[in-house]
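Below, each value reflects all heavy atoms present in this structure, side chains not excepted, and no hydrogens, waters or symmetry copies.
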Amino acid sequence: MKSKKINPRLLGFLLLLLMAAGTGIYYGITSGNREPVVVEGYVGGEKIGFIEDPEIQEILEEKYGIRMDYSKAGSLDMVTLNQEGEDYLFPSSQTALEYYREEWGEPRKSEIILNTPIVLYTHRMVADALAEKGIMEEADGVYYMDMEQMAQTIMEGTSWAEVGLPQLYGDVSIDTTDPVKSNSGNMFAGLLANALNGGQTVSEGQLSQVLPALTDIFARLGYMETSSADLFSQFLKMGVGAKPIIAGYESQLLEFSVEKPEDFAAIKDDIIMVYPSPTVWSTHVYIALTENGEMAVQGLLDPQVQELAWKNHGFRTNVYLAGSEAGTFQVEGLASDITRVMSMPDYGTMKQIIDSLQ
């Protein structure tokens, strides 16, 4: 019986298929075992929950091959810290980006990743007293503070007793982070400067009219935290007597309600989120310092990551999504849309404000 000869062309084709399959298996195994690239940098404390989110970490590792590591630093502080070995900075404002450009030149890449408005946090007894004085109002379940009236109240040295709260010590004030080091304090300083300027965005030419009052207000605050996350934590722990009102980010209470629902349930009837009228937006901009740092940009802008940034951490990554899903959170007084907004002073003006508060 004659043996059948294999067609050489068919044999070559089969060998080619085997080689291709082997190559595919090899790369599948090696890529599966390949460690993600670790990118290291400085992050504002209010974004640590976002960076550490297991769902976000999984997306970044599996889809983009990166793992983000961080050290906590104030938004302005991180610009002047030692950047050797760092791949990125992740501050909370455009001011920090302009500051970086002034100190170091144009970064490899920069991109706005997250947004959240500046808000005030207070206690119900304080909100009621200030509303009685006309400094605050409630509209459609949302609290707003008249910033011109509040600035005037603080500037005049009005005591808490004079606004109907004799159980609180000292004068009316709003605690904030250090405006020289931290973005929330820096932005609140800009907001106050605008309020002292008759509710108009202050320019360099108008600064001489508002700086004396502004520096006096901050001088009375004494020690200021350098992290908005630390200030918010202290506000929740120390009670109304220690910190009647603080400035922070809207995202902080939203994230707290998701991450610690039991703790939030215990305080939600007392803690009031108040929108300055007008307020300013905090734009959280990612600054890539190295090639590895650039790798994270696409991952942070991934639609799934952006959705988790809102649902898990309260950052308004899409105004329309946020507006239609405000009910996602169990936070009373959450504004569906942020409408009472004004512009921050430009970088040249903010730099003079920062220098005056050193």
Side-chain angles (χ1 to χ4, degrees), residues 44 46-47 74-76 90-99 112-122 135-137 142-152 154 174-204 206-207 210-211 213-214 217-218 224 228 231-232 245-254 273-285 314-319 322-323 333-354 356-357:
E46 72 289 333
K47 290 186 289 291
S75 290
L76 301 181
F90 202 173
S92 308
S93 73
Q94 292 287 102
T95 299
L97 174 59
E98 293 304 318
Y99 187 25
I112 294 172
I113 306 296
L114 309 167
N115 294 285
T116 189
I118 293 291
V119 300
L120 307 174
Y121 291 110
T122 190
I135 299 172
M136 278 176 48
E137 66 168 343
V142 180
Y143 281 91
Y144 296 94
M145 180 176 287
D146 185 320
M147 287 307 297
E148 286 188 64
Q149 283 199 56
M150 189 57 171
Q152 190 68 25
I154 295 172
I174 297 175
D175 280 292
T176 182
T177 55
D178 188 337
V180 176
K181 299 179 179 180
S182 169
N183 178 68
S184 59
N186 177 265
M187 295 196 77
F188 188 68
L191 192 59
L192 265 182
N194 289 346
L196 293 167
N197 192 46
Q200 301 296 316
T201 301
V202 67
S203 65
E204 288 188 66
Q206 297 166 321
L207 264 182
V210 302
L211 275 182
L214 187 68
I217 288 171
F218 275 90
M224 291 175 280
S228 54
L231 177 61
F232 184 69
I245 312 176
I246 68 165
Y249 301 109
E250 178 194 63
S251 61
Q252 290 177 288
L253 188 61
L254 304 187
M273 182 163 62
V274 185
Y275 293 87
S277 181
T279 188
V280 289
W281 279 100
S282 173
T283 54
H284 297 249
V285 59
F315 288 104
R316 294 185 182 243
T317 51
N318 182 307
V319 173
L334 172 61
S336 295
D337 296 297
I338 309 302
T339 56
R340 305 185 187 187
V341 182
M342 76 185 312
S343 299
M344 278 284 288
D346 62 28
Y347 176 68
T349 305
M350 286 307 303
K351 188 175 188 305
Q352 287 192 47
I353 290 174
I354 294 167
S356 72
L357 298 175

Inset, instruction - Looking only at non-hydrogen atoms, find the nearest pair between M342 and G199 and report the distance. - result: CE-O, 3.2 Å
Inset, instruction - Check whether any side-chain N or O of T116 sits under 3.5 Å from a backbone N or O of F315 as a donor-acceptor pair, and report yes or no. - result: no
Legend entry - Distance-minimising heavy-atom pair for N186 and T95: OD1-CG2, 4.0 Å
Legend entry - Flag, side chain of D178 to backbone of V180, donor-acceptor distance under 3.5 Å: yes
Inset, instruction - Please check if the side chain of T201 supplies one atom and the backbone of S343 the other of a donor-acceptor pair under 3.5 Å. - result: yes
Inset, instruction - Tell me yes or no: between the side chains of S251 and K47, is some donor less than 3.5 Å from an acceptor? - result: no
Legend entry - S184 (side chain) donor-acceptor with G248 (main chain) under 3.5 angstrom: no
Legend entry - P276 backbone acceptor or donor facing T279 side chain under 3.5 Å: no
Inset, instruction - For residues F188 and L120, determine if any side-chain heavy atom of one lies less than 4.5 Å from a side-chain heavy atom of the other. - result: yes
Inset, instruction - Without swapping roles, check the side chain of N194 against the backbone of V202 for a donor-acceptor pair under 3.5 Å. - result: yes
Inset, instruction - List for me each residue that meets side chain to side chain contact (heavy atoms under 4.5 Å, CB included) alongside Q149, sequence neighbours excluded, and say none if there are none. - result: I135, D146
Inset, instruction - Indicate the atoms forming the closest heavy-atom contact of W281 with R316, along with that distance. - result: CH2-CD, 3.6 Å
Inset, instruction - For the residue pair T317 and L114, establish whether any side-chain heavy-atom pair is separated by less than 4.5 Å. - result: yes
Legend entry - Cation-pi, Y275 ring and R340 (6.0 angstrom, 45 degrees): no
Inset, instruction - Heavy atoms only: give me the nearest V280-V341 pair and the separation to one decimal. - result: CA-CG1, 4.5 Å
Inset, instruction - Output the distance between atom CD (Q94) and atom OG (S282), rounded to the nearest 0.5 Å. - result: 10.0 Å
Inset, instruction - Might you work through the side-chain contact (heavy atoms from CB on, under 4.5 Å) test for T122 and Y143, ending with a clear yes or no? - result: CA-CA 11 Å; T122 190; Y143 281 91; over 6 Å; no
Legend entry - Considering all heavy atoms, the nearest P179-M224 contact: CD-SD, 3.8 Å
Legend entry - Donor-acceptor contact present, side-chain N183 to main-chain S92, <3.5 Å: yes
Inset, instruction - Count the heavy atoms belonging to other residues, nucleotides or ligands that lie under 6.0 Å from CD of E137, then report whether that count exceeds 12. - result: yes
Legend entry - Any donor-acceptor pair under 3.5 Å from Q200 side chain to N197 backbone: no
Legend entry - Closest approach of I174 to A247 (non-hydrogen atoms, all atoms of both residues): CG2-N, 3.9 Å
Legend entry - Derivation and outcome, side-chain contact (heavy atoms from CB on, under 4.5 Å), residues I354 and Y99: CA-CA 11 Å; I354 294 167; Y99 187 25; over 6 Å; no
Inset, instruction - Check whether any side-chain N or O of Y121 sits under 3.5 Å from a backbone N or O of Y249 as a donor-acceptor pair, and report yes or no. - result: yes
